[in-house]
Asks: 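Before we start, here is the structure in question, set down as structure tokens.
A, B, ... follow the sequence lines: proteins, then strands. Residue 1 opens every chain.
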There are 2 protein chains.
Amino acid sequence: MSAPLAHLVDDDDAMRDALAWLLRSRGIDSRAWNCAEAFLGDYRADMRGCLVLDIRMRAMTGLELFDHLLALDCAMPVIFLTGHGEVPQAVKSLKKGAFDFLEKPFDDNELADRVIEALARDTDNRARGQLIDQTQKRLANLTQREQEVMKAILAGKMNKVIADELDIAMRTVEVHRAHVFEKMAVRSAVELTQLLAQLPR
Amino acid sequence: MSAPLAHLVDDDDAMRDALAWLLRSRGIDSRAWNCAEAFLGDYRADMRGCLVLDIRMRAMTGLELFDHLLALDCAMPVIFLTGHGEVPQAVKSLKKGAFDFLEKPFDDNELADRVIEALARDTDNRARGQLIDQTQKRLANLTQREQEVMKAILAGKMNKVIADELDIAMRTVEVHRAHVFEKMAVRSAVELTQLLAQLPR
DNA sequence: GGCGATATTGTGGATATCCACTACCCGCGC
DNA sequence: GCGCGGGTAGTGGATATCCACAATATCGCC
């Protein structure tokens with residue numbers, strides 16, 4: 001597992017060095033690539049931290065790289081660096097979920113602040129993401145019948161009603177109910193509800 | 001209660017007319033103001049629809065108007081119209097919750113599409129907002145004790161545990177519990193949990 | 001002083017849930 | 001054939017929740 005890192009992608013050697021130095025001065029480690037393709041080649045889903053992408057690069061642009069990463073379910077926050085006057089791209093990127101969009105020449109402190117925020121965001125995302133993953137694994141581990149019963153429980157139905165609807169004995173519902181609680185690692189319907197309420201809706 | 005409407009604020013007479021005509025051709029009613037101050041004077045919290053704001057106006061700018069509206073808890077989606085090259089403002093506005101940010105000259109169809117989306121968003125927001133308002137009113141209607149008991153219920157505690165912690169009889173907890181369910185208009189702890197899970201966290 | 005809201009408690013019974021022990025049936029894979 | 005996972009089901013008891021009926025006490029307000 002890699003440590004949180006600012007991942008810089010820019011084809012301007014001087015800019016990469018300047019960024020790395022700036023971030024280092026604020027206590028942030030970074031790693032740099034000189035083109036989008038190189039980054040994609042090294043990309044791994046367990047990378048942690050944030051991305052700082054230059055928009056204009058010779059081959060693949062920062063925006064195209066962003067699209068590729070979205071397709072790969074990359075959850076790292078992305079900060080774009082851009083020249084002047086690219087409002088439509090900025091708007092589009094932010095709506096797609098980019099973390100920020102800074103116009104060159106940017107203020108050093110501002111960029112560093114944004115990177116710090118982005119790193120914090122990533123840490124939050126990871127924590128929430130793990131919980132979600134775990135919960136979904138547990139959900140997937142329920143049998144068909146158990147899922148049906150769970151759904152009914154979440155609808156607030158009593159065991160005898162559920163038994164009636166599924167046309168099985170109340171005792172059987174109790175068994176499924178207990179299995180649901182056990183597999184979902186909760187001890188009550190309330191806990192179950194709260195757990196599932198955290199899933200993306 | 002006013003009907004959903006596109007609220008146009010632009011100090012360019014020709015632009016207002018063009019916008020109104022464009023929207024009308026797509027079946028969208030609109031009302032127009034020639035300056036931010038005039039709109040603020042007419043603004044009412046129960047206005048429904050969306051806003052289309054020109055950024056550059058003689059006195060108060062669209063951005064300043066947006067800030068005023070945010071302070072007034074205005075929930076209508078805002079679409080900004082802007083000249084070229086205002087990336088920082090666009091980014092800032094979107095992060096504050098603006099719905100969109102279009103650069104002039106914009107494509108007529110695109111703008112109309114965005115307005116339609118914004119109107120739909122407003123309708124959604126209203127529906128959710130009403131539920132939230134109602135729920136919060138009900139929450140505020142709970143007595144101190146009832147809120148304490150509710151909190152404990154949501155923590156999954158059994159009545160006897162709650163009684164122990166609050167140092168009261170179990171019977172009293174039952175009474176408070178019943179009051180909570182009654183006042184919140186739910187019939188079980190599960191329903192209560194689901195209701196509260198919809199509140200902004 | 002009475003009235004209403006709030007908080008408190010009791011009794012007793014109807015329901016519901018939780019749980020241990022037990023058991024049968026079916027389909028699938030080794 | 002036998003084990004295993006999954007679904008089904010009964011008995012019986014321990015707990016918990018829900019609720020009707022009833023009562024006491026405090027506090028603020030008209």
Asks: My understanding is that only residues two or more places apart in sequence, or in another chain, count here; which of them pass side chain to side chain contact (heavy atoms under 4.5 Å, CB included) with Ser30(A)?
Replies: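 Ala6(A), Leu8(A), Ala20(A), Leu23(A).
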
Asks: Considering only distance and modelled atom types, tabulate donor-acceptor pairs under 3.5 Å from the side chains of residues 113-125 of chain A, sequence neighbours left out.
Replies:
residue, atom, partner, partner atom, Å
Asp113(A), OD1, Arg26(A), NH2, 2.7
Arg114(A), NE, Asp100(A), OD2, 2.8
Asp122(A), OD1, Arg126(A), NE, 3.4
Asp122(A), OD2, Gly49(A), N, 2.8
Thr123(A), OG1, Leu119(A), O, 3.1
Asn125(A), OD1, Arg128(A), NH2, 3.4

Asks: Could you check, using the six-membered ring where one of them is a Trp, whether Phe66(A) and Phe80(A) have ring centers closer than 6.0 angstrom?
Replies: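 Yes.
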
Asks: For Glu103(A), which residues count as a salt bridge (charged side-chain N to carboxylate O under 4.0 Å, His left out) partner, sequence neighbours excluded?
Replies: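 If we apply the salt bridge (charged side-chain N to carboxylate O under 4.0 Å, His left out) test to Glu103(A), skipping adjacent residues, there are no hits.
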
Asks: Could Glu182(A) and Arg187(A) be called an ion pair, given the rule that one side-chain N must be under 4.0 Å from one carboxylate O?
Replies: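 Salt bridge: no.
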
Asks: Between His179(B) (NE2) and dT6(C) (P), how many Å, whole number?
Replies: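 It works out to 9 Å between those atoms.
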
Asks: How many Å lie between CE on Met150(B) and P on dT6(C), as a whole number?
Replies: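 Answer to the nearest Å: 16 Å.
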
Asks: Thr172(A) side chain N/O closer than 4.0 Å to the phosphate oxygens (OP1, OP2) of dA9(D)?
Replies: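 Yes.
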
Asks: What is the distance, to the nearest angstrom, from the CG atom on Asp167(A) to the C1' atom on dT8(D)?
Replies: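 Interatomic distance, CG of Asp167(A) to C1' of dT8(D): 12 Å.
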
Asks: Round to a whole Å and report the spacing from CG of Leu166(B) to C1' of dT6(C).
Replies: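 It works out to 15 Å between those atoms.
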
Asks: Would you indicate, yes or no, if dG5(D) has its OP1 or OP2 atom less than 4.0 angstrom from a side-chain nitrogen or oxygen of Thr143(A)?
Replies: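 Checking Thr143(A) against dG5(D): no side-chain N or O falls below 4.0 Å of OP1 or OP2.
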
Asks: Nearest whole angstrom, please: distance from the P of dG7(D) to the CD of Glu148(A).
Replies: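 It is 9 Å, rounded to the nearest whole Å.
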
Asks: Can you name the residues that form a salt bridge (charged side-chain N to carboxylate O under 4.0 Å, His left out) with Lys96(A), not counting sequence neighbours?
Replies: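 Checked Lys96(A) against salt bridge (charged side-chain N to carboxylate O under 4.0 Å, His left out); matches are Asp67(A).
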
Asks: Go through the structure and list residues passing side chain to side chain contact (heavy atoms under 4.5 Å, CB included) with Met170(A), not counting sequence neighbours.
Replies: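 Per chain and number, Met170(A) pairs via side chain to side chain contact (heavy atoms under 4.5 Å, CB included) with Asn159(A), Lys160(A), Ala163(A), Glu174(A).
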
Asks: Could you state the CG-P distance from Asp164(B) to dT8(C), rounded to the nearest angstrom?
Replies: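 Rounded to whole Å, this separation is 14 Å.
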
Asks: At less than 4.0 Å, is any side-chain N or O atom of His176(A) found next to OP1 or OP2 of dT8(D)? Yes or no.
Replies: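 So the side-chain polar atoms of His176(A) do come within 4.0 Å of the phosphate oxygens OP1 or OP2 of dT8(D), strictly under.
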
Asks: Hey, which sits more toward the 5' end of DNA chain C by its nearest nucleotide, Phe181(A) or Asn141(B)?
Replies: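 Result: Asn141(B).
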
Asks: Could you give the angle between the helix axes at the two ends of the helix from dG1(C)-dC30(D) to dC30(C)-dG1(D), with five pairs per end, rounded to 10 degrees?
Replies: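 The angle, to the nearest 10 degrees, is 30°.
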
Asks: What is the separation between atom CG on Leu142(B) and atom P on dA5(C), rounded to the nearest whole Å?
Replies: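 Spelled out: CG on Leu142(B) to P on dA5(C) is 16 Å.
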
Asks: Starting at CZ of Arg145(B) and ending at P of dC27(D), how long is that distance when rounded to a whole Å?
Replies: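 For the pair Arg145(B) CZ and dC27(D) P, the rounded distance is 15 Å.
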
Asks: Quick one: list whatever passes salt bridge (charged side-chain N to carboxylate O under 4.0 Å, His left out) with Glu165(B), sequence neighbours left out.
Replies: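 Expected list: Lys157(B).
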
Asks: Using the 3.5 Å cut-off, write out each protein N or O paired with an N or O of nucleotides 12-17 of chain C and the distance between them.
Replies:
residue, atom, partner, partner atom, Å
dA16(C), OP1, Lys160(A), NZ, 3.0
dA16(C), OP2, Lys160(A), NZ, 3.2
dT17(C), OP2, Asn159(A), N, 3.3

Asks: Applying side chain to side chain contact (heavy atoms under 4.5 Å, CB included), can you list everything that pairs with Asp108(B), at least two apart in sequence or on another chain?
Replies: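 If we apply the side chain to side chain contact (heavy atoms under 4.5 Å, CB included) test to Asp108(B), skipping adjacent residues, the hits are Leu22(B), Phe106(B).
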
